[in-house]
Amino acid sequence: MLVNRQAGPTALRMQIGARLRRMREDNGIGQAEAGEAIRASASKMSRLELGRHGFKVRDVLDLLDLYGVHDEDERESFLELVRAAKKPGWWQSYGDAIPSWFEQYLGLEQSATTIRTYEVQYIPGLLQTRDYARVVIGLEHHDAAYDGLERRLTVRMTRQRILHRQVGRATLWAVIDEAALRRPIGGRDTMRAQIEHLITVSEEMPNVRLQVLPFAAGGHLALGGPITIVRFAAHDLEDVVYLEHLTGARYPEGQESARYQKIMDTLVIRAARPARTTAFLKDLLNDY
């Protein structure tokens with residue numbers, strides 16, 4: 001078992017949890033019994049296995065004992081993952097500017113190999129220009145001090161590095177509703193620059209697949225809000241569906257998660273193909 005050097009702490013916790021869950025199930029041990037071994041409840045054991053809670057070295061060693069893992073190399077590999085998962089991500093130094101519910105998503109995003117997203121209100125954050133992002137953040141946090149706005153802007157711009165890094169560059173597959181492109185955010189110059197940026201991205205970044213969902217596509221099940229699906233390199237980690245709303249977010253699981261993935265598949269089919277999207281964006285410039 002090797003540590004993925006590109007993975008952030010959130011994905012590493014998920015990797016540890018998934019492997020421990022598989023070991024527990026292979027041994028026919030319930031979450032309550034496993035929880036007792038680490039002086040915890042079954043609910044805490046569930047959170048650990050989902051990667052939503054940090055691991056203590058002592059707890060991991062106790063669980064490995066319970067699951068009959070005595071090979072020193074395998075145990076040390078687990079401990080290496082635990083140590084790596086304890087290292088803070090860059091975004092954690094911006095705790096004053098990031099809601100706690102969004103911090104968890106940042107951890108997932110920064111460890112992703114592929115991100116699929118649908119946006120209806122705004123251009124996706126990973127594709128926003130600085131000027132466009134400043135206006136959007138100002139709308140979302142209109143009562144924040146200037147320094148707070150600038151720190152949030154720094155976080156949003158820094159997030160975009162995952163699309164440009166030399167090693168482990170993420171793939172982004174974005175479907176943008178036509179409404180987000182026609183909604184004037186920040187005035188004519190800001191919108192022109194944003195659309196020009198999208199054109200450049202669609203033509204010059206092979207790791208970004210951009211599609212516009214035109215009004216002509218009619219109604220669809222995703223009109224209620226944005227959808228994001230995050231995928232990781234580790235084969236034993238399931239995709240994570242992320243649904244954000246005005247004051248928080250949630251992560252559907254099981255059949256609900258599968259339903260959102262099917263909705264995303266439908267959106268991709270109904271949206272304009274990337275080449276047609278680029279042409280659409282160039283035509284749209286005439287309106288600004």
Side-chain angles (χ1 to χ4, degrees), residues 105 108-109 112-129 132-133 135-136 139-140 156 159-160 163 170-188 190-231 239-246 249-288:
Y105 171 73
L108 298 172
E109 179 185 81
T113 56
T114 301
I115 301 168
R116 301 174 68 194
T117 188
Y118 165 72
E119 282 285 353
V120 64
Q121 296 292 342
Y122 303 120
I123 306 302
L126 291 176
L127 296 176
Q128 292 178 5
T129 64
Y132 182 96
V135 176
V136 171
L139 291 171
E140 295 172 339
R156 187 159 301 184
R159 286 171 55 197
Q160 298 181 5
L163 301 178
T171 295
L172 175 65
W173 191 346
V175 178
I176 305 176
D177 197 283
E178 183 176 344
L181 294 165
R182 294 195 178 277
R183 181 171 293 106
I185 300 293
R188 180 178 178 276
T190 297
M191 286 302 301
R192 277 194 65 87
Q194 177 62 71
I195 294 171
E196 288 171 349
H197 176 64
L198 293 177
I199 293 171
T200 300
V201 165
S202 68
E203 293 180 330
E204 299 181 6
M205 294 184 65
N207 61 316
V208 177
R209 182 182 178 92
L210 185 60
Q211 294 182 263
V212 169
L213 185 66
F215 290 146
H220 53 83
L221 293 176
L223 285 172
I227 303 171
T228 299
I229 302 174
V230 183
R231 177 167 294 173
D239 293 357
V240 176
V241 176
Y242 171 77
L243 305 177
E244 182 176 321
H245 52 83
L246 190 61
R250 66 187 189 92
Y251 300 84
E253 298 176 4
Q255 292 184 350
E256 187 182 11
S257 173
R259 177 171 171 77
Y260 276 103
Q261 297 206 40
K262 289 181 180 179
I263 290 174
M264 182 67 79
D265 291 341
T266 301
L267 292 174
V268 166
I269 293 171
R270 298 182 66 177
R273 294 180 178 274
R276 178 67 190 99
T277 290
T278 302
F280 178 95
L281 293 170
K282 290 179 178 179
D283 291 341
L284 188 60
L285 277 178
N286 295 327
D287 295 337
Y288 290 101

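Every residue meeting the ring pair (Phe, Tyr, Trp, His ring centres under 6.0 Å) condition with Tyr242, not counting sequence neighbours, appears here in chain and number order: Tyr105, Tyr251. Arg270 meets the side-chain contact (heavy atoms from CB on, under 4.5 Å) test with Leu213, Ala217, His220, Thr266; sequence neighbours excluded. With sequence neighbours excluded, the residues that form a side-chain contact (heavy atoms from CB on, under 4.5 Å) with Val208 are Leu127, Leu163, Leu172, Val201, Met205. The side chain to side chain donor-acceptor pair (under 3.5 Å) check on Asp287 picks up Arg182, with sequence neighbours excluded. The side-chain contact (heavy atoms from CB on, under 4.5 Å) search around Arg156 returns Gln128, Ala133, Val136, Ile137, Glu140, Arg159, not counting sequence neighbours. Residues forming a salt bridge (charged side-chain N to carboxylate O under 4.0 Å, His left out) with Arg250 (at least two apart in sequence, or on another chain): Glu256. With sequence neighbours excluded, the residues satisfying side-chain contact (heavy atoms from CB on, under 4.5 Å) with Ala180 are Ile176. With sequence neighbours left out, the side chain to side chain donor-acceptor pair (under 3.5 Å) criterion links Ser202 to Thr278. For the ring pair (Phe, Tyr, Trp, His ring centres under 6.0 Å) test, no residue two or more places apart in sequence or in another chain qualifies with Tyr122.
Rounded to the nearest 0.5 Å, atoms CD (Glu109) and CD (Gln160) are 9.5 Å apart. Interatomic distance, CD of Gln194 versus CG of Leu181, reported as 8.5 Å (0.5 Å rounding). Atoms CG and CG, on Leu108 and Asp239 in that order, are 11.5 Å from each other to the nearest 0.5 Å. Taking CG of Asn207 as the start and OG1 of Thr113 as the end, the distance is 12.0 Å to the nearest 0.5 Å.
Between Pro226 and Leu243, the shortest heavy-atom distance links the atoms O-CD2, 3.9 Å. The nearest pair of heavy atoms linking Gly225 to Val120 is CA-CG1, 4.3 Å. The shortest non-hydrogen separation linking Ala271 to Val175 is CB-CG1, 4.0 Å.
When the options Ile185, Leu198, Ile195 are evaluated for a side-chain contact (heavy atoms from CB on, under 4.5 Å) with Ile123, the one that passes is Leu198.
At a threshold of 4.5 Å between non-hydrogen side-chain atoms, the residues Phe280 and Glu178 count as touching. At a threshold of 4.5 Å between non-hydrogen side-chain atoms, the residues Val212 and Leu284 do not count as touching. Between Leu210 and Leu281, some side-chain heavy-atom pair lies under the 4.5 Å cut-off.
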Exercise. Do Ile229 and Val240 pass the side-chain contact (heavy atoms from CB on, under 4.5 Å) test, and can you show the C-alpha distance, the side-chain angles, and the key distance before you say yes or no?
Worked result: CA-CA 6 Å; Ile229 302 174; Val240 176; over 6 Å; no
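A 6.0 Å sphere centred on CZ of Arg183 holds more than 12 heavy atoms belonging to other residues, nucleotides or ligands.
Checked by atom type and distance alone, the side chain of Thr114 never pairs as donor or acceptor with a backbone atom of Thr171 at under 3.5 Å. Gln211 places a side-chain N or O within donor-acceptor distance of the main-chain N or O of Val268, the cut-off being under 3.5 Å. Judged by distance alone, with hydrogens and angles left aside, the side-chain atoms of Thr277 form a donor-acceptor pair with the main-chain N or O of Ala272 at under 3.5 Å.
Each salt bridge (Lys or Arg N to Asp or Glu O under 4.0 Å) pair with one or both residues in residues 190-208, not counting sequence neighbours, appears once here: Arg192-Glu196, Glu203-Lys282. Residue pairs meeting the salt bridge (Lys or Arg N to Asp or Glu O under 4.0 Å) criterion with at least one partner in residues 114-123, sequence neighbours excluded, are Arg116-Asp265. For residues 191-216, no residue pair satisfies the ring-ring contact (aromatic ring centres under 6.0 Å, His included) rule, not counting sequence neighbours.
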